[in-house]
Amino acid sequence: MTARNRIVLSSDHAAIHLRQVIASHITAQGWEAVDIGPTTPESTHYPEHGQAAAGRVASGDCRFGIILCGTGQGVMMAANKVKGIRCGVCADTFSARMIRQHNDANMLSLGARVVGEGLALDIVEAFLAAHFEGTRHATRVEMMAALDR
Ligand code: RB5
């Protein structure tokens with residue numbers, strides 16, 4: 001396995017079970033899931049988990065990141081503070097496809113209190129199956145990269 005096949009997963013306490021279900025699902029599809037936890041149910045702080053996963057993607061160690069919290073919003077906000085990260089929260093498959101095709105998203109965020117297991121897995125599949133379209137979208141992604149500098 002190379003970094004191109006590796007997906008980092010993290011969550012806060014609100015999404016441990018769904019995160020583990022997703023990790024198993026993507027592993028069965030041939031991805032290498034790097035699940036950085038947590039595994040115990042104590043209340044924890046979503047900025048730490050969003051930032052930790054984002055660091056693995058930003059460094060090039062992992063191709064994609066999938067992060068979760070109750071709403072998906074908190075971990076997404078934290079991840080997007082890390083230079084080079086483009087993370088969107090999705091509760092539908094259309095958005096999951098579009099953040100890859102148009103925004104070249106490298107991280108997906110999910111709300112475990114928002115989507116059920118079946119929809120979450122469909123969203124993950126839509127995200128991973130889609131490809132960045134480049135062309136005019138590349139200009140816009142480059143403009144976002146400029147905001148990091
Ligand atoms: C935890 O209660 C909750 O605030 C967190 O999981 C998340 O939804 C924050 O954005």
Side-chain angles (χ1 to χ4, degrees), residues 3 5-132 137 140-149:
N5 275 39
R6 201 174 296 141
I7 300 177
V8 61
L9 298 103
S10 73
S11 74
D12 72 357
H13 56 281
I16 292 173
H17 177 70
L18 182 56
R19 191 193 76 234
Q20 292 171 336
V21 168
I22 293 170
S24 298
H25 188 78
I26 62 175
T27 299
Q29 292 188 328
W31 295 90
E32 181 184 354
V34 179
D35 187 345
I36 60 172
T39 53
T40 54
E42 295 84 32
S43 183
T44 180
H45 305 301
Y46 61 80
E48 294 170 3
H49 305 296
Q51 187 265 340
R56 296 290 193 104
V57 176
S59 71
D61 180 48
C62 294
R63 171 74 185 91
F64 294 121
I66 300 176
I67 52 178
L68 306 92
C69 61
T71 59
Q73 303 291 350
V75 281
M76 177 274 290
M77 291 178 196
N80 278 321
K81 301 278 185 199
V82 176
K83 188 173 173 178
I85 295 303
R86 293 177 300 280
C87 181
V89 181
C90 293
D92 65 277
T93 56
F94 176 76
S95 298
R97 193 168 74 247
M98 295 308 286
I99 64 170
R100 286 289 306 123
Q101 291 180 351
H102 286 194
N103 312 118
D104 198 19
N106 47 17
M107 295 187 71
L108 169 68
S109 183
L110 295 161
R113 295 173 180 161
V114 180
V115 294
E117 202 171 291
L119 178 55
L121 294 178
D122 280 356
I123 290 169
V124 167
E125 289 194 9
F127 178 83
L128 295 176
H131 298 281
F132 181 50
H137 304 297
R140 295 160 187 169
V141 170
E142 177 50 37
M143 290 170 72
M144 289 197 288
L147 297 174
D148 273 340
R149 296 194 283 264

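Counting starts at 1 for both ligands and their atoms, following the listed order.
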query = Looking only at heavy atoms, is any part of Cys69 under 4.0 Å from ligand 1, and if so is it the side chain, the backbone, or both, or is it neither?
reply =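 Looking at Cys69 and ligand 1, atoms from backbone and side chain both fall under 4.0 Å.
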task = Report the part of Asp12 in contact with ligand 1, treating N, CA, C, O as backbone and CB onward as side chain, heavy atoms under 4.0 Å; options are side chain, backbone, both, neither.
result = side chain
inquiry  = Quick check against the 3.5 Å criterion: does Asn5 have a side-chain atom that pairs as donor or acceptor with the backbone of Arg63?
reply    = no
message = Has Arg86 got a side-chain atom pairing as donor or acceptor with Asp104's backbone, closer than 3.5 angstrom?
response =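 Side chain of Arg86 to backbone of Asp104: a pair is present.
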List every atom of ligand 1 that sits less than 4.0 Å from any heavy atom of [X], numbering the atoms from 1 in the order shown and giving each element.
X	value
Gly74	10 (O)
Tyr46	9 (C)
Ala14	6 (O)

ask   = Tell me: protein heavy atom nearest atom 8 (O) of ligand 1, and distance?
value =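 Of every protein heavy atom, Thr71 N, 3.0 Å lies nearest to atom 8 (O) of ligand 1.
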key: Protein heavy atom at shortest distance from atom 2 (O) of ligand 1   =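 Its nearest protein heavy-atom neighbour is Arg113 NH1, 3.3 Å.
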ask   = Between Phe64 and Phe127, how do the two ring planes meet: parallel, tilted or perpendicular, split at 30° and 60°?
value = perpendicular
request  = Please say whether Gly70 places an N or O atom under 3.5 Å from an N or O atom belonging to ligand 1.
outcome  =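 Yes.
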note = Tested for side-chain contact (heavy atoms from CB on, under 4.5 Å) against Val124, the lone hit among Leu119, Thr93, Leu108, Val21 is Leu108
ask   = From Leu110 CG over to Thr71 OG1, what is the distance, rounded to the nearest 0.5 angstrom?
value = 11.0 Å
message = If we count only non-hydrogen protein atoms and require a distance under 4.0 Å, does atom 10 (O) of ligand 1 qualify as touching the protein?
response =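 It does: a protein heavy atom is found less than 4.0 Å away from atom 10 (O) of ligand 1.
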query = Does Met77 have a heavy atom less than 4.0 Å from any atom of ligand 1?
reply =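 Not so, Met77 does not reach ligand 1.
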Salt-bridge criterion met for Lys83 and Asp148 (N-O under 4.0 Å) =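 No.
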query = Going by an N to O cut-off under 4.0 Å, is there a salt bridge joining Glu142 and Arg149?
reply = yes
